[in-house]
Structures are given as C-alpha cells and as structure tokens.
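What follows is a short report on a single structure.
When a ligand or atom number is given, it counts from 1 through the structure's own listing order. Note that the structure is predicted; figures quoted are calculated from it, not measured.
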Amino acid sequence: MHANAKDFKQNAHRALNDAFLQGAIRKATQRFVNERTHAVAERPDFEALRERGRAIKQEALDRLPDLLQEFEDNVISSGGQVHWARDAEEAQQIIVRIARNAGVKTIVKSKSMTTEEIGLNPVLEREGFVPVETDLGEYILQLDDDYPSHIIAPAVHKTKEDVANIFERRLHVKNPPEAGIPGLNAIARKALRGNFLKAEMGLTGANLACAETGTIVLVENEGNICLTTALPRIHVALVGIEKVVPRFDDLSTMLMLLPRSATGQRLGSYTSFITGIAKNGEEGPEQFHVVLLDNGRSRIYADEHLRGSLRCIRCGACLNACPVYNRTGGHAYGWVYPGPIGAVITPQYLGLAEAPELPYASSLCGACYEVCPVKIEIPHMLLELRGQVAQGTAQRAPVKRPFLEALSFRAFAFAAQRPALWRLLSGIGRRVLRSKASGATIPSVPLPVLQDWTRDRDLPTPPADGFLEQWRTRRGNKGDDA
Ligand code: SF4
C-alpha cells in the first residue's frame with residue numbers, strides 16, 4: 001500500500017467529518033472492549049498472566065539471535081526450509097522464486113499484516129500469480145482494492161450494504177443486499193471454496209514461532225487458515241523475526257493472552273500448530289517454507305528506548321482502547337499498522353521524517369498500556385519519539401516543525417529557566433486570560449498559538465493565584481513541614 005503517514009492531521013480531519021465511519025468504528029471497538037473486559041474478568045490472575053507474557057517476549061528479545069538460530073535449526077530438522085529476508089523487496093523475491101520454481105498459479109492467503117507490510121499482493125499479480133485473500137474481511141478489501149483499517153478486523157470501516165455492493169459488482173451476484181449477513185457469508189464461502197481446492201500454494205503469517213520445536217502457531221476464527229495450510233502442496237509463512245518465543249510451554253501463556261485481548265475469546269475457534277512437512281503418508285503440504293523478515297526490525301531492536309515495541313503480538317487491544325483511534329479509524333494513520341502501536345512503529349519503519357505527526361496522535365492517557373497483554377510502554381515510547389522529532393534526531397532526515405511552534409517552545413524553554421521572568425510572564429498571562437473569561441472556561445482565545453487548541457476544546461480559566469503563590473500561601477499556613 002502507498003504510505004501517507006505524513007498526512008495524519010489531514011486524514012484525521014477527513015475521518016472526523018465522516019459520520020458513518022465514526023459510528024462504525026465506535027460500534028466495533030466498543031464491542032471488542034466489552035468482550036475483552038468480560039474475558040479478562042474471568043481470570044483473576046490476568047495481571048500475573050500479563051506479566052508472564054511480558055517476560056516471555058522480553059526474554060525472546062534479549063536472546064533473539066540465538067532463538068532465531070534455534071528456530072531455523074528445528075524448522076529444517078522437521079523438513080522445512082528457512083529463508084532470511086533483510087527487507088520487503090528481498091521477501092517478495094523469495095516468495096516469487098518459491099512460487100515460480102514450483103509452477104504455482106493460484107495462491108490462497110490468510111490474513112497477514114506482515115504480507116501487507118511488504119506490499120505482497122501487487123507484486124504477485126505483476127508476476128502473473130493469482131493471490132486470493134481468504135479471510136472474509138481481507139477478501140472484501142481485495143475485491144474493493146482497499147486496505148485494512150484495523151489489525152484484527154480489517155474491513156471494520158465497511159457496512160453490510162458496502163459489502164453487498166462489492167459482491168454485486170465483483171462477483172456478479174444478483175440482488176445480494178437481500179441476502180443479509182449470513183447470505184453474504186455464504187456468497188463469499190462459495191466463491192472462496194474453489195480457490196482452496198485449486199491453489200498450489202498457501203501463504204500465511206504466524207502469530208507465534210517457537211524456537212524449541214520450530215513450530216509456527218496461527219490463531220483464527222473462520223477456518224480459512226486451516227484450509228490454507230492443509231490443502232495446497234506448498235505452505236509459505238512470512239514471519240517477522242520478533243514473533244519467536246523460546247519454549248513450547250510459553251505458547252500456552254501467549255495463547256491465553258492473545259484471543260482474550262483481541263476478541264474477548266478464551267481461545268480462537270481454531271489454533272493451528274504447524275511443524276514441518278507432511279510425513280509418512282500424512283495429509284498436508286510437501287513443502288514448508290518460513291521466510292524470516294527483518295525489514296527494519298533490527299533497527300528498532302538497536303534502539304533501547306523503543307525495542308520493547310517488538311514485544312507486540314498484534315492483538316489490536318490498544319486500538320480499541322484508544323480515544324484517538326476511536327475517532328479517526330485506521331486509515332488516518334496512513335500505513336499498515338494503525339492505532340497507538342502504529343503511532344510507535346510506523347515512524348520506526350518508515351523513518352520519523354515520513355510520519356512526524358504520528359507520535360502526537362495520542363492524548364497519552366495510558367489506556368493502550370493498561371490493556372496491552374505484553375505491557376508495552378506505548379506512552380513512554382511516544383514521548384521518546386516526540387523528543388526525537390523536537391530535537392531532529394530522527395533516524396533519517398531531521399523533522400522541521402512549523403516555525404511558530406518551534407519559536408513557542410524555544411520561548412517557553414527560555415522563560416522556564418528564569419524564575420523571575422516566568423513569574424512576571426505567567427502573572428501577565430493569567431491576568432489577560434482572566435480578563436477575557438466570562439465563565440469557568442475560555443471558549444475561544446484569539447491568540448495565534450492557542451487557536452488550534454481552543455478550536456475544539458475549552459480552556460479552563462486560570463486561577464487568580466499561580467502555582468508559586470498558592471505554594472507560598474499553603475507553606476505559610478502549614479509552616480516548614482509543608
Ligand atoms: S501494542 Fe499491545 S495492545 Fe497493541 S496490538 Fe501490540 S500487543 Fe496488542
């Protein structure tokens with residue numbers, strides 16, 4: 001997909017004016033939030049579980065090179081093949097080569113944000129293959145030439161009427177609106193089933209990769225992943241290097257956290273553990289390829305402040321909890337990964353200069369951290385990225401802030417370091433603002449720097465006494481112990 005993460009503000013304004021989008025996003029995320037709350041309440045030990053999940057993923061990061069080597073050895077010893085891809089282009093080439101060598105035409109795909117990340121479908125089409133998305137949401141988006149707006153519910157921005165129109169237009173189904181949701185599901189199922197049967201290759205991501213056994217784990221609700229990995233004679237899994245966990249025993253902890261956080265389920269409807277190829281007359285693929293993808297992850301790994309973002313298991317809980325995502329939806333973030341985790345990782349993948357607004361797409365309320373099953377400190381990371389933006393220490397080109405904003409912060413820093421000047425200016429500012437206020441708030445302050453803020457929010461009227469005056473008064477009242 002074409003990245004337009006630079007335009008977050010503009011994208012967000014467009015989304016805020018889209019009444020349908022507002023309703024659809026809020027309805028979907030509220031449902032996920034409610035389901036998650038219910039599922040978490042069933043486990044009084046959920047906090048301990050979160051801590052275990054954090055520790056497993058942190059250990060995996062601490063031992064990442066060794067674990068990846070162990071994973072590779074175990075995939076190979078169970079009959080699979082491992083390919084290392086430095087970046088998106090290399091991963092695309094590896095997958096095309098595997099498909100070409102095996103005389104593949106049709107490729108069935110399960111939902112995979114990693115294949116979205118490397119922009120795989122257009123490349124496969126250009127090379128003459130027929131990639132077919134088999135997750136219902138992804139299938140709808142593929143038919144409509146659209147892209148996901150949520151990590152686990154990719155077509156959350158579409159109504160059932162939209163879907164009916166897409167099916168009518170692309171699948172030539174007569175009067176699909178009358179079919180209702182079950183009918184629409186049936187139309188998609190019928191259209192997809194034939195592809196499973198004729199596809200020579202199944203392409204998936206992986207939710208987890210176990211170093212100890214060389215197993216990949218895939219969680220789903222629709223059954224399409226089972227078919228994608230079992231029916232075609234070749235299975236290719238594109239796996240980000242951060243998906244590895246050390247031990248088979250760790251999988252149970254991660255599988256207690258992932259579906260609860262994602263959809264509020266105790267378990268996904270189907271969980272596939274895939275180790276190697278079919279042997280001794282078993283059913284299943286003759287070839288199993290794992291493509292281990294870096295594509296910027298090593299760069300993130302090298303940053304001690306941001307490395308923790310690689311613990312992400314892509315459950316989407318932080319999106320559902322985020323007041324910003326709840327209003328803007330996913331497309332506003334301008335790349336594959338939306339929401340709070342997208343605001344952290346997109347600037348790292350694309351470079352801060354390509355996504356300078358994203359670290360600011362947050363109220364820093366901390367809701368994302370509260371729900372994250374692996375306790376990623378997203379607000380701290382956003383602050384770190386804001387610091388990098390302000391200081392121009394972005395990994396690529398330094399980011400230019402608007403002149404007025406840069407000047408305001410320089411003036412603030414100058415005054416804040418000089419107590420007498422600060423007292424003088426804050427006293428004048430309080431008086432000016434109080435003289436303009438008629439009630440408890442100042443609805444619209446005609447000052448250039450504050451206008452953006454007060455356009456959408458009320459600015460509380462400042463108190464007559466500032467902090468220092470109040471401090472002195474209280475200290476005086478309470479004596480030296482205050
Ligand atoms: S950051 Fe945490 S809550 Fe957000 S998608 Fe990743 S694991 Fe889930």
**Report entry** Beyond-backbone contact of Phe71 with Cys210, side-chain heavy atoms, under 4.5 angstrom
**Finding:** no
Report summary line: of all protein heavy atoms, closest to atom 6 (Fe) of ligand 1 is Cys312 SG, 2.3 Å
Report task. Could you tell me whether Arg31 and Glu35 make a salt bridge, using a distance below 4.0 angstrom between a side-chain N and a carboxylate O? Result -> no
Query raised in the report: What are the atoms of ligand 1, with element, lying closer than 4.0 Å to any heavy atom of Ile341?
Result: 1 (S)
Report task. Could you tell me if any non-hydrogen atom of Ser261 lies under 4.0 Å from any atom of ligand 1? Result -> no
Query raised in the report: Ion pair present between Glu51 and Lys375, side-chain N to carboxylate O less than 4.0 angstrom?
Result: yes
Report summary line: Among non-hydrogen protein atoms, atom 7 (S) of ligand 1 lies closest to Ile313 N, 3.4 Å
Query raised in the report: Does any N, O or S atom in Cys372 come within less than 2.8 Å of atom 4 (Fe) of ligand 1?
Result: no
Report summary line: Under 4.0 Å between heavy atoms, the region of Val371 that gets near ligand 1 turns out to be neither
Report task. Starting from atom 8 (Fe) of ligand 1, locate the nearest protein heavy atom and write down its residue, its atom name and how far away it is, to 0.1 Å. Result -> Cys315 SG, 2.4 Å
Query raised in the report: Of the protein's non-hydrogen atoms, which lies at the shortest distance from atom 5 (S) of ligand 1, and what is that distance?
Result: Gly316 N, 3.3 Å
**Report entry** Check: Phe20 ring centroid to His157 ring centroid under 6.0 Å
**Finding:** no
Query raised in the report: Can the positive tip of Arg97 be found less than 6.0 Å from the middle of the six-membered ring of Phe129, inside 45° of the ring normal?
Result: no
Query raised in the report: Is a salt bridge present between Glu117 and Arg297, judged by a nitrogen-to-oxygen distance below 4.0 Å?
Result: yes
Requested in this report: Could you list which atoms of ligand 1 come closer than 4.0 Å to a heavy atom of Pro373?
Outcome: 2 (Fe), 3 (S), 7 (S), 8 (Fe)
Query raised in the report: Does some non-hydrogen atom of Ile378 fall short of 4.0 Å from ligand 1?
Result: yes
Report summary line: If we number the atoms of ligand 1 from 1 as shown, the ones under 4.0 Å from a heavy atom of Ile376 are 1 (S)
Report task. For the residue pair Asp18 and Gln22, confirm or rule out a side-chain donor-acceptor distance under 3.5 Å. Result -> no
Query raised in the report: Please walk me through it: do His150 and Val156 pass side-chain contact (heavy atoms from CB on, under 4.5 Å)?
Result: CA-CA 7 Å; His150 191 288; Val156 70; 3.9 Å; yes
**Report entry** Nearest non-hydrogen protein atom, atom 3 (S) of ligand 1
**Finding:** Cys318 N, 3.4 Å
